[in-house]
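Just so it is clear, the structure is predicted and the values come from calculations on it, not from any experiment.
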Amino acid sequence: MTETATEERHRPSYREDETKHPYFRPRDAATLIIIDRNHPTPKVLVGKRHDKVVFMPSAFVFPGGRVDPKDNRVPVAAKIPAVLERRLREGSPKISPARARALAIAAIREACEETGLCIGKKGDTSKLTGAWKPFADAGLLPDPSSLFLVARAITPLGRVKRFDTRFFTADASSITHRVAGVIHPDAELVELVWVDIDAKPLAAMHPMTVQVLGQLRIRLANGPLRHDAPLPFFHFYGGKMQMDLLPGKA
């Protein structure tokens with residue numbers, strides 16, 4: 001698993017970090033929160049990390065990681081919705097349409113690599129290689145059309161590893177294939193668990209992820225997810241985490 005903004009340990013003072021490595025540019029990353037709404041309280045899928053890993057041993061995390069330069073060139077079953085592409089490009093720093101598409105594809109790739117759950121549709125898989133072999137074996141092309149963007153978060157200044165992470169969500173019904181053997185006692189994720197979105201164990205996740213979940217709960221309580229809803233944008237200023245709401249547009 002690649003370290004992302006969802007995995008870094010919380011530190012008591014972010015202000016002290018700002019003077020250590022002030023010029024490291026955050027790298028694009030994507031996280032996928034898979035939701036099952038067929039319950040009175042929506043459930044989210046989390047993975048339990050191995051107790052021997054360096055970052056957050058035994059903690060619950062969402063699948064995610066850095067964008068691969070090749071992600072934008074991967075053939076897909078359907079293009080990402082134009083409104084989703086536009087939302088991905090909002091906020092600062094700005095990104096290109098190609099990078100926006102790569103973020104959505106990265107979320108699907110990381111989820112499959114780390115959990116064995118693939119979101120795709122039947123298509124011509126002859127050009128899928130490398131990390132996309134599970135999709136090719138199943139005759140699937142990744143399908144980003146079912147994703148929703150629910151938050152953006154940038155790691156504070158001062159860290160050697162900084163990430164500009166987009167948090168996506170997808171409904172559990174969009175899972176079309178499961179790769180056997182990805183989760184096992186010696187893997188970084190040793191267990192997958194469906195838990196209520198307000199369950200106590202989730203409160204121990206990275207503080208920024210906890211904030212994202214809080215905003216997601218509000219959106220889910222208001223009905224079906226929409227691309228034009230206000231988008232939480234978490235960043236740090238003066239050593240403190242700030243949240244801006246990027247207004248939705250029709």
Side-chain angles (χ1 to χ4, degrees), residues 1-7 29-39 42-68 70-71 74-78 80 102-148 150 165-197 199 201-202 205 209 213:
M1 178 184 292
T2 306
E3 304 97 53
T4 73
T6 66
E7 297 179 280
T31 292
L32 185 60
I33 304 173
I34 301 176
I35 304 173
D36 184 353
R37 300 188 69 174
N38 294 318
H39 302 274
K43 294 182 179 292
V44 293
L45 185 67
V46 294
K48 185 177 181 181
R49 289 173 62 79
H50 197 287
D51 61 2
K52 296 296 191 293
V53 297
V54 175
F55 290 95
M56 300 186 73
S58 301
F60 286 120
V61 297
F62 294 114
R66 288 183 296 182
V67 173
D68 188 291
K70 299 178 182 178
D71 284 334
V74 173
V76 295
I80 68 171
L103 282 159
I105 300 303
I108 294 175
R109 174 179 53 75
E110 288 286 338
C112 184
E113 288 180 353
E114 297 176 6
T115 69
L117 303 178
C118 303
I119 297 176
K121 292 181 180 178
K122 293 294 182 180
D124 179 5
T125 63
S126 60
K127 295 182 179 180
L128 292 184
T129 59
W132 296 99
K133 187 177 185 300
F135 281 80
D137 291 345
L140 299 174
L141 289 175
D143 178 22
S145 65
S146 61
L147 301 186
F148 287 85
V150 294
T165 304
R166 275 68 166 196
F167 290 79
F168 295 88
T169 186
D171 192 83
S173 62
S174 63
I175 299 170
T176 52
H177 180 64
R178 290 170 169 78
V179 181
V182 174
I183 305 299
H184 56 82
D186 294 322
E188 286 192 23
L189 291 186
V190 299
E191 184 181 6
L192 289 180
V193 186
W194 288 99
V195 297
D196 290 348
I197 194 170
L202 298 185
M205 301 180 87
T209 305
L213 280 174

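- Residue Asp124 comes nearest to Leu141 through the heavy atom pair O-CD2, 3.3 Å, listed as atom of the first residue, atom of the second, then distance.
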message: Evaluate Val179 against Cys112 for side chain to side chain contact (heavy atoms under 4.5 Å, CB included), listing each step before the verdict.
response: CA-CA 8 Å; Val179 181; Cys112 184; 4.3 Å; yes
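- Dense packing is recorded around NZ of Lys43, with more than 12 heavy atoms of other residues, nucleotides or ligands lying under 6.0 Å away.
- The distance from atom CG of Leu128 to atom CZ of Phe135, rounded to the nearest 0.5 Å, is 8.5 Å.
- Of all heavy-atom pairs spanning Ala106 and Asp71, the tightest one is CB-OD2, 3.3 Å.
- Annotation: side chain of Asp171 is not in contact with side chain of Ser146 (no heavy-atom distance under 4.5 Å).
- Ion pairing between a basic and an acidic side chain is recognised when a charged N comes within 4.0 Å of a carboxylate O; Asp68 and Arg109 show no such pairing.
- To the nearest 0.5 Å, atom CG of residue Leu117 and atom NE2 of residue His177 are 10.0 Å apart.
- Inter-residue side-chain proximity for Val76 and Ile108 is flagged as unmet; no heavy-atom pair is nearer than 4.5 Å.
- Across every non-hydrogen atom of Ile34 and Trp194, the tightest pair is O-CZ3, 3.6 Å.
- Between Ile80 and Ala104, the shortest heavy-atom contact is CG2-CB, 3.9 Å.
- For the atom pair CG (Leu45) and OG1 (Thr115), the distance works out to 6.5 Å, reported to the nearest 0.5 Å.
- The nearest pair of heavy atoms linking Val195 to Val193 is CG1-CG1, 3.5 Å.
- Contact check for Glu114 versus Val61: no side-chain heavy atoms found under the 4.5 Å cut-off.
- A 4.5 Å side-chain heavy-atom check between Val44 and Thr169 finds every atom pair outside the cut-off.
- Note that CG of Leu213 is 4.5 Å distant from CZ of Phe62, once rounded to the nearest 0.5 Å.
- Side-chain contact between Trp132 and Thr125 is absent, with no heavy-atom pair separated by less than 4.5 Å.
- Note that CZ of Arg37 and CD1 of Ile197 are 9.0 Å apart. Values are rounded to the nearest 0.5 Å.
- Nearest heavy atoms, Leu32 versus Ala111: CD2-CB, 3.7 Å.
- A distance of 10.0 Å separates CG of Leu192 from CZ of Arg178, quoted to the nearest 0.5 Å.
- Side-chain atoms of Glu110 do not come within 3.5 Å of backbone N or O of Thr31 as any donor-acceptor pair.
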